[in-house]
S.K.: 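The structure that follows is given in the form of structure tokens.
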There are 2 protein chains.
Amino acid sequence: MPRVNRPPSDTSAGQGAAPTLDEVASRAGVSRATASRAINGGNRVSATAQAAVETAVRELGYTPNPAARSLVTRRTDSVALVVPEPDERVFSDPFFVHTLRGVNRMLATRDLQLVLLLARPGEEERRLLRYLGSRHIDGAIVVSHHRNDRLADHLAALSLPCAFIGRPWTSADKVAYVDTDNLAGGRAATELLVERGCRRIATIAGPGDMAAGIDRLEGWRTTLRAAGLADDLVEHGDFTEVGGEAAARLLLERAPDLDGIVAASDLMAAGALRVLAEAGRVVPDDVAVVGYDDVGVPERTSPTLTTVRNPIGEMAEQAVRLLLEQIDDQRGPRPIRVIFPPSLVRRDSA
Amino acid sequence: MPRVNRPPSDTSAGQGAAPTLDEVASRAGVSRATASRAINGGNRVSATAQAAVETAVRELGYTPNPAARSLVTRRTDSVALVVPEPDERVFSDPFFVHTLRGVNRMLATRDLQLVLLLARPGEEERRLLRYLGSRHIDGAIVVSHHRNDRLADHLAALSLPCAFIGRPWTSADKVAYVDTDNLAGGRAATELLVERGCRRIATIAGPGDMAAGIDRLEGWRTTLRAAGLADDLVEHGDFTEVGGEAAARLLLERAPDLDGIVAASDLMAAGALRVLAEAGRVVPDDVAVVGYDDVGVPERTSPTLTTVRNPIGEMAEQAVRLLLEQIDDQRGPRPIRVIFPPSLVRRDSA
DNA sequence: ACGTCCAGTGGAAGCGCTCCCACAAGCCCG
DNA sequence: CGGGCTTGTGGGAGCGCTTCCACTGGACGT
């Protein structure tokens with residue numbers, strides 16, 4: 001006695017229920033196995049069978065059931081983008097936005113889906129880890145920003161394929177990551193000003209709990225010391241324009257004679273430009289300004305911003321590539337790292 | 001002869017392989033059925049069995065396999081957030097960012113995952129629709145922004161549970177959506193200025209292909225006409241600060257005597273404030289300014305911005321609620337709509 | 001002529017889970 | 001004290017798919 005569990009109406013063409021592989025197979029006059037092969041790349045399938053299956057698929061509007069598929073393949077074809085989000089900064093940051101788009105674009109080419117995981121530390125982090133450990137996704141890309149973020153440890157322990165964008169604070173030797181050389185970037189920006197003849201060079205540094213902030217500041221500092229200049233003019237900003245304005249005002253107050261500013265982000269540099277203009281300083285003649293990132297902002301300021309280019313697109317791309325490698329040859333995660341060199345982009349502000 | 005397909009090493013405790021329900025069950029001394037019940041809410045399970053299962057789960061570090069589960073339940077417990085993304089505007093818009101966070105927060109409470117789907121019209125849209133039609137997700141939230149966006153039609157045809165944030169351009173009678181009354185908002189802002197005594201009131205409108213832009217503009221226009229004032233001072237911006245600056249400059253040039261500006265976003269209003277300050281106009285005495293949205297920006301401008309509050313958080317929340325209703329009682333999608341009234345928030349700029 | 005090989009194929013065994021159903025107790029009621 | 005409950009339980013049948021394996025027949029080498 002065959003089981004008939006479906007609603008009676010379903011005996012008909014059944015618009016409501018999605019077609020299954022069985023239906024495709026019988027319509028194409030082949031077995032389920034052959035139909036499956038035909039659909040997945042057509043290995044070891046005769047041309048006739050292939051064509052028949054393709055026709056059946058089209059006529060039925062068949063789409064494979066992803067749950068059934070991933071139950072057996074143990075792949076979900078989706079990867080997580082993990083964003084520790086202690087505040088809204090992440091989103092206002094063009095850096096992050098471009099990362100997101102880069103990752104998304106790259107994944108799309110491989111037909112992988114992006115699952116966005118926002119998680120503040122604390123309760124949400126537990127949820128996050130639980131999720132990551134549940135075979136929901138094939139791997140994770142982590143936008144690593146903040147200091148006390150033990151995600152890398154946990155991911156390494158989970159042995160889930162993952163790639164960090166930005167060096168993780170812990171377990172940097174256990175996971176794969178891409179990064180730029182922020183130290184070199186900070187140095188390059190500062191050296192430009194020194195060579196230009198600036199002698200009183202300030203910096204608007206990033207937050208002290210983010211690698212990008214710390215390293216760029218350090219690059220600024222070493223360069224100044226090497227040049228025998230004072231390195232006392234430091235104000236921290238939060239990578240935003242408003243933060244940059246506030247910092248610039250403070251600096252101007254502390255050192256009315258300053259003749260150069262290295263900002264740790266373009267947005268902060270833009271804020272500084274505005275403050276300098278208000279204060280009647282001419283850029284770059286009175287004060288030269290260098291930004292950081294070069295994504296979107298620098299062309300639009302006035303004057304246009306000389307900046308250190310952060311190859312965000314390539315970084316995102318590379319991160320995805322590292323991730324896919326790990327997913328593909330399942331020897332587990334491997335701690336590869338790729339560091340991109342920064343490059344100076346000269347425009348009008350310095 | 002039993003099938004032994006696993007690698008030999010797996011006979012042992014098998015750290016590598018994830019534990020299955022079977023293992024939990026046998027460890028707890030119950031059947032798989034009982035274990036399943038215990039894990040899913042514990043209905044019709046004795047206290048002892050419940051406890052035994054919970055212990056086993058903990059000891060084994062068991063997590064249900066989502067693929068297996070959704071294969072039978074026909075639920076994936078994840079919903080898509082669809083963002084038509086013709087350009088980067090979406091991300092720089094605080095409105096969008098807050099929507100994202102609101103949706104995410106709301107979904108988190110129900111343990112649903114957010115799958116972010118960015119799709120430019122064109123090739124990517126095909127991919128998107130294919131994805132949506134494949135039982136990958138239980139439903140979709142669509143941030144509806146742009147005019148020639150036929151997503152609503154397609155979703156209605158797919159009969160996939162969905163909810164739009166912002167009235168869709170087509171099929172508005174077939175799908176559920178939440179929106180604010182942008183017309184009323186535009187009116188309220190303008191009326192405030194009229195009552196204040198402004199007589200030469202300009203507007204910085206949003207893009208002409210977005211509902212929010214059009215409706216707010218229309219609200220401005222009807223109010224001015226009703227008051228017997230001229231409605232010729234219109235400049236369009238792109239919802240950004242830079243756009244607002246440009247528009248304000250243009251307006252000031254066209255009508256040096258203007259005494260009021262209604263901006264379709266806070267960011268544009270902030271840009272206008274800056275231009276007005278540069279031009280030596282005192283806000284609100286010379287020129288009164290009203291913004292729109294009230295999310296983050298208005299408190300930080302100087303002077304602080306009077307604005308029309310857009311209840312973004314509640315909208316996102318409500319959208320998720322509409323979606324969940326449809327998902328829960330599977331009578332298919334229903335075209336409910338919820339319109340939020342805007343409210344005026346008075347600060348210093350008007 | 002015969003074995004060998006290999007491209008194609010279908011049968012069937014699961015992947016790990018939920019849930020229907022049958023069944024065993026214990027309970028209360030008349 | 002037997003019939004009906006409710007409550008808890010396990011057996012087992014799938015969900016829709018991939019993939020192992022055994023098998024066929026024709027092309028090929030010797």
Side-chain angles (χ1 to χ4, degrees), chain A residues 1-7 10 14 16-53 56-57 60-77 134-136, chain B residues 1-7 10 14 16-53 56-57 60-77 134-136:
Chain A
M1 193 77 179
R3 278 178 28 109
V4 180
N5 242 348
R6 306 198 164 186
D10 227 53
T20 71
L21 186 58
D22 266 308
E23 299 172 41
V24 171
S26 69
R27 184 180 192 104
V30 298
S31 73
R32 209 167 58 241
T34 302
S36 175
R37 268 175 241 128
I39 288 165
N40 299 297
N43 259 349
R44 281 180 157 4
V45 174
S46 69
T48 31
Q50 180 74 35
V53 171
V57 165
L60 255 33
Y62 169 77
T63 340
N65 180 321
R69 176 176 278 181
S70 75
L71 181 56
V72 31
T73 59
R74 282 134 188 295
R75 298 263 259 117
T76 62
D77 293 320
S134 307
R135 298 173 293 303
H136 265 287
Chain B
M1 193 78 177
R3 276 178 31 109
V4 180
N5 244 346
R6 307 198 164 186
D10 228 52
T20 72
L21 186 57
D22 267 308
E23 299 172 39
V24 171
S26 69
R27 184 180 193 105
V30 297
S31 73
R32 208 167 61 241
T34 301
S36 175
R37 268 175 242 129
I39 287 165
N40 300 298
N43 259 349
R44 282 177 157 5
V45 174
S46 68
T48 31
Q50 181 75 36
V53 171
V57 164
L60 255 32
Y62 170 77
T63 340
N65 181 319
R69 176 177 279 179
S70 76
L71 180 56
V72 29
T73 58
R74 279 131 191 297
R75 298 265 257 117
T76 62
D77 293 320
S134 308
R135 298 174 292 305
H136 266 287

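No experiment lies behind these values; they were computed from the predicted model shown. A, B, ... follow the sequence lines: proteins, then strands. Residue 1 opens every chain.
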S.K.: Which whole-number value in Å describes the distance from B:Asp77 CG to C:dC17 P?
M.R.: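 In whole Å, C:dC17 P lies 15 Å from B:Asp77 CG.
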
S.K.: How long is the straight-line distance from OG of A:Ser70 back to NE2 of B:His136, given to the nearest 0.5 Å?
M.R.: 9.0 Å

S.K.: With the side chain counted from C-beta on, respond yes when A:Ile39 and A:Leu21 share a heavy-atom pair under 4.5 Å apart, and no when they do not.
M.R.: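 A side-chain contact under 4.5 Å exists here.
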
S.K.: For A:Val30 and A:Arg44, find the nucleotide of DNA chain C closest to each by heavy atoms; which residue's nucleotide sits nearer the 5' end?
M.R.: A:Arg44

S.K.: What is the distance from OH of B:Tyr62 to P of C:dT18, rounded to the nearest Å?
M.R.: 6 Å

S.K.: Among C:dT9, D:dT9, D:dT18, which nucleotide sits nearest the side chain of A:Ala49?
M.R.: C:dT9

S.K.: Within less than 4.0 Å of OP1 or OP2 of C:dC15, is there a side-chain N or O belonging to B:Asn65?
M.R.: no

S.K.: Tell me: CZ of B:Arg74 to C1' of C:dC17, nearest whole Å?
M.R.: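 It works out to 13 Å between those atoms.
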
S.K.: For the side chain of A:Thr20, counting heavy atoms from C-beta on, which of C:dT9, D:dT18, D:dG16 is nearest?
M.R.: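 It is D:dG16.
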
S.K.: Using atom CD of B:Gln50 as one end and atom P of D:dG8 as the other, report the distance to the nearest whole Å.
M.R.: 11 Å

S.K.: Can you tell me the distance, in whole Å, between the CD1 atom of A:Ile39 and the P atom of C:dT9?
M.R.: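 Going from CD1 in A:Ile39 over to P in C:dT9 covers 14 Å.
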
S.K.: Any base atoms under 4.0 Å from A:Ser36, or only sugar-phosphate, or nothing? Heavy atoms, all strands.
M.R.: base

S.K.: Let me know, please, whether B:Leu71 or A:Thr34 comes out on the 5' side of the other along DNA chain D by nearest nucleotide.
M.R.: B:Leu71

S.K.: Taking side chain as C-beta onward, heavy atoms only, is A:Asn43 less than 4.5 Å from A:Arg37?
M.R.: no

S.K.: Name the closest nucleotide to the B:Val72 side chain, picking from D:dC17, D:dT18, C:dG16.
M.R.: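 The nucleotide sitting nearest to the side chain is C:dG16.
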
S.K.: Can you tell me how far C1' of D:dG10 sits from CG of B:Asp22, to the nearest Å?
M.R.: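 After rounding, the gap between these two atoms is 13 Å.
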
S.K.: Among the nucleotides D:dT18, C:dC17, C:dG11, which one has an atom lying closest to any side-chain atom of B:Arg69?
M.R.: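 Nearest listed nucleotide: C:dC17.
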
S.K.: With distance as the sole test, does A:Arg135 use its side chain to make a donor-acceptor pair with the main-chain N or O of B:Ala18 at under 3.5 Å?
M.R.: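 Side chain of A:Arg135 to backbone of B:Ala18, a donor-acceptor pair under 3.5 Å: no, none is there.
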
S.K.: Check every strand shown and say whether A:Ala67 touches a base, only sugar-phosphate, or nothing at a heavy-atom separation below 4.0 Å.
M.R.: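 Answer is nothing: A:Ala67 stays at 4.0 Å or more from every strand.
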
S.K.: Can you tell me if A:Ser70 touches the phosphate of D:dC17, counting only side-chain N or O atoms and a distance under 4.0 Å to OP1 or OP2?
M.R.: no

S.K.: In whole Å, what is the span from the CZ atom of B:Arg75 to the C1' atom of D:dG16?
M.R.: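 In whole Å, D:dG16 C1' lies 19 Å from B:Arg75 CZ.
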
S.K.: Could you check B:Arg32 against B:Arg135 and say which one's nearest nucleotide on DNA chain D is further toward the 5' end?
M.R.: B:Arg32

S.K.: Do B:Arg37 and D:dG10 share a donor-acceptor pair, side chain to base, under 3.5 Å?
M.R.: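 Under the 3.5 Å cut-off, the side chain and the base do form a donor-acceptor pair.
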
S.K.: Determine whether B:Leu71 and A:Arg69 make a side-chain contact, defined as any pair of heavy atoms from C-beta on separated by less than 4.5 Å.
M.R.: no

